A.B. asks: 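Got a structure here, written out as structure tokens. Questions coming.
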Amino acid sequence: MLLQDQYDEDKRICLYEGEDPERFLEAVIPPTFGNSLFLYPTLDELGQAVADERKSYVYWRGTNPTVEIAEKKLAALERGERCKCFASGAAAISAALHNSLQSGDHILCVSHVYQQTMDLITYLQKFGITHSVVPSVDIADIASAIQPGTKVIYVESPTDLQLRLVDLQGVADLAKSRGIRTIIDNTWATPLFQKPLLYGFDIVVHSASKYLGGHSDLVGGAVITSAAVMKELFEKEYLLYGGIMAPAVASLLLRGLRTLPLRMKAHEENALQVARFLSSHGAVAQVQYPGLPSHPDYELGLRQLHGYSGLLTFTLQEESYEAVQQVIDKLQVFRIGLSYGSFESLALSPNYGYNEEQLRQQGFSPGLIRLAVGLEPVQELIADLEQALQ
Ligand SMILES: *Cc1c(COP(=O)(O)O)cnc(C)c1O
């Protein structure tokens with residue numbers, strides 16, 4: 001449930017955290033530092049700066065004043081100590097995983113995570129890192145899937161496409177008692193609606209390409225964690241792998257972040273109404289959205305979510321790809337495209353990336369449709385769905 005004090009604090013963070021106009025001639029928004037390097041008066045002073053690149057401005061690949069402001073906002077929003085921004089969500093996730101694992105380790109992945117994250121986790125086999133996937137979101141199932149070599153429990157909550165919720169406090173407590181690191185992808189909820197570090201999660205990762213940016217004009221990612229973990233991650237996975245966020249992208253991200261609290265409330269309002277409409281429609285078998293009281297994890301959501309974003313899925317009574325195609329192709333306001341989290345409403349079938357057999361194996365119906373509910377007038381969205389479902 002929304003905590004008003006926390007929401008107000010987040011509004012302040014989105015607008016002003018990390019900004020220090022005095023440093024920048026009292027410019028009301030920070031300038032975009034597009035310079036690739038900074039000059040030093042003496043060789044010795046440059047040497048001292050290089051020795052701690054995290055705190056000094058030396059070269060573009062390390063710390064940039066514009067990117068740094070976005071990092072301060074995201075760290076504060078997650079109530080974490082440190083953040084680094086990356087070139088994409090995928091770059092942030094791979095940095096977090098590579099930092100946390102070495103050859104011989106095992107990673108436990110909770111139920112359905114973002115498909116490319118699953119592909120990356122599978123790819124890590126090349127480096128001698130094994131994985132298993134818990135087929136449910138049950139704490140007991142997660143506990144019994146832990147192996148002696150398990151070093152990371154990786155979570156997405158809500159889970160991809162099924163939108164089931166994972167008990168974050170339960171997972172964090174379980175992992176702590178076994179000395180296992182926990183990583184969560186918080187892209188769906190954004191830090192506005194879920195703060196996993198407060199439950200004891202070790203690392204939060206984000207795709208900033210979705211709600212954080214919010215305008216379909218940037219690709220970026222972020223890792224938020226403790227100062228101790230970030231010290232190492234900065235030296236290795238950030239500086240060495242080099243998948244950094246460009247300053248011009250950080251400027252766009254800063255602009256997106258300023259309105260994040262307002263946009264998230266608007267996405268939530270629209271998505272709740274769309275979800276209610278769909279769940280009462282005869283052609284719809286099921287709606288997966290944690291904001292509906294009929295959702296299997298609704299009670300858990302009331303405890304650990306402070307709101308619901310705009311991404312939901314629903315299943316047609318007619319479980320076929322042909323039916324899905326007919327509905328999606330008839331939509332006019334909802335457009336067809338990948339991604340979500342921006343002003344525009346989008347519709348998608350996961351079937352475009354899997355075949356029907358794979359979908360069923362993963363527990364999905366071929367009649368599944370994913371909607372990214374945007375910021376259009378909600379009556380137009382509902383009318384659009386109504387005509388397409390006829
Ligand atoms: C989009 C997305 C990613 C990947 O992020 P990119 O910015 O596209 O690299 C990872 N996780 C989730 C949940 C996403 O939605």
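Counting starts at 1 for both ligands and their atoms, in listed order. Everything numeric here is computed off the predicted structure, so don't read it as measured data.
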A.B. asks: Any nitrogen or oxygen of A90, main chain or side chain, under 3.5 Å from a nitrogen or oxygen of ligand 1?
C.D. replies: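 Yes, at least one N or O pair falls under 3.5 Å.
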
A.B. asks: Does the ring centre of Y7 sit less than 6.0 Å away from the ring centre of H306?
C.D. replies: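 That pair fails the under 6.0 Å test.
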
A.B. asks: Does a donor on one side chain sit under 3.5 Å from an acceptor on the other, for E78 and H206?
C.D. replies: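 Side chains of E78 and H206: pair found under 3.5 Å.
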
A.B. asks: Give a yes or no on whether E318 atom CD has more than 12 heavy-atom contacts from other residues, nucleotides or ligands under 6.0 Å away.
C.D. replies: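 12 or below, so no.
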
A.B. asks: At what distance is the nearest protein heavy atom to atom 12 (C) of ligand 1, and which residue and atom is it?
C.D. replies: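 Ranking protein heavy atoms by distance from atom 12 (C) of ligand 1, first comes D185 OD2, 3.3 Å.
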
A.B. asks: Contact between G220 and ligand 1, counting heavy atoms under 4.0 Å?
C.D. replies: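 The answer is yes: ligand 1 sits under 4.0 Å from a heavy atom of G220.
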
A.B. asks: For the residue pair S216 / E344, report whether a side-chain donor-acceptor contact shorter than 3.5 Å exists.
C.D. replies: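 The answer is yes; a qualifying pair exists.
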
A.B. asks: Could you tell me whether E156 approaches ligand 1 through its side chain, its backbone, both or neither, with non-hydrogen atoms closer than 4.0 Å?
C.D. replies: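 The answer is the side chain.
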
A.B. asks: Heavy atoms only: which of S88, S94, S207 is nearest to atom 5 (O) of ligand 1?
C.D. replies: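 Checking each option, the heavy atom nearest atom 5 (O) of ligand 1 is found in S207.
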
A.B. asks: Quick one: which ligand 1 atoms are inside 4.0 Å of a heavy atom on Y340?
C.D. replies: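 Those atoms are 13 (C), 14 (C), 15 (O).
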
A.B. asks: Please work out whether any backbone atom (N, CA, C, O) or any side-chain heavy atom from C-beta onward of W188 is under 4.0 Å from ligand 1, and answer side chain, backbone, both or neither.
C.D. replies: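 Contact part for W188 vs ligand 1: neither.
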
A.B. asks: So is there a nitrogen or oxygen of A208 less than 3.5 Å from a nitrogen or oxygen in ligand 1?
C.D. replies: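 No, A208 has no N/O under 3.5 Å of an N/O on ligand 1.
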
A.B. asks: Please confirm whether K210 comes within less than 3.5 Å of ligand 1 when only nitrogen or oxygen atoms on both sides are compared.
C.D. replies: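 Right, the criterion is met.
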
A.B. asks: Could you tell me whether the side chains of Q115 and D119 share a donor-acceptor contact shorter than 3.5 Å?
C.D. replies: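 Present: a donor and an acceptor within the cut-off.
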
A.B. asks: Could you tell me whether the side chains of Y40 and Q48 share a donor-acceptor contact shorter than 3.5 Å?
C.D. replies: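 There is no such pair (donor and acceptor under 3.5 Å, judged by atom type) between the side chains of Y40 and Q48.
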
A.B. asks: Which is it for D160 and ligand 1 at heavy atoms under 4.0 Å: side chain, backbone, both or neither?
C.D. replies: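 It is neither part, as no heavy atom is under 4.0 Å.
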
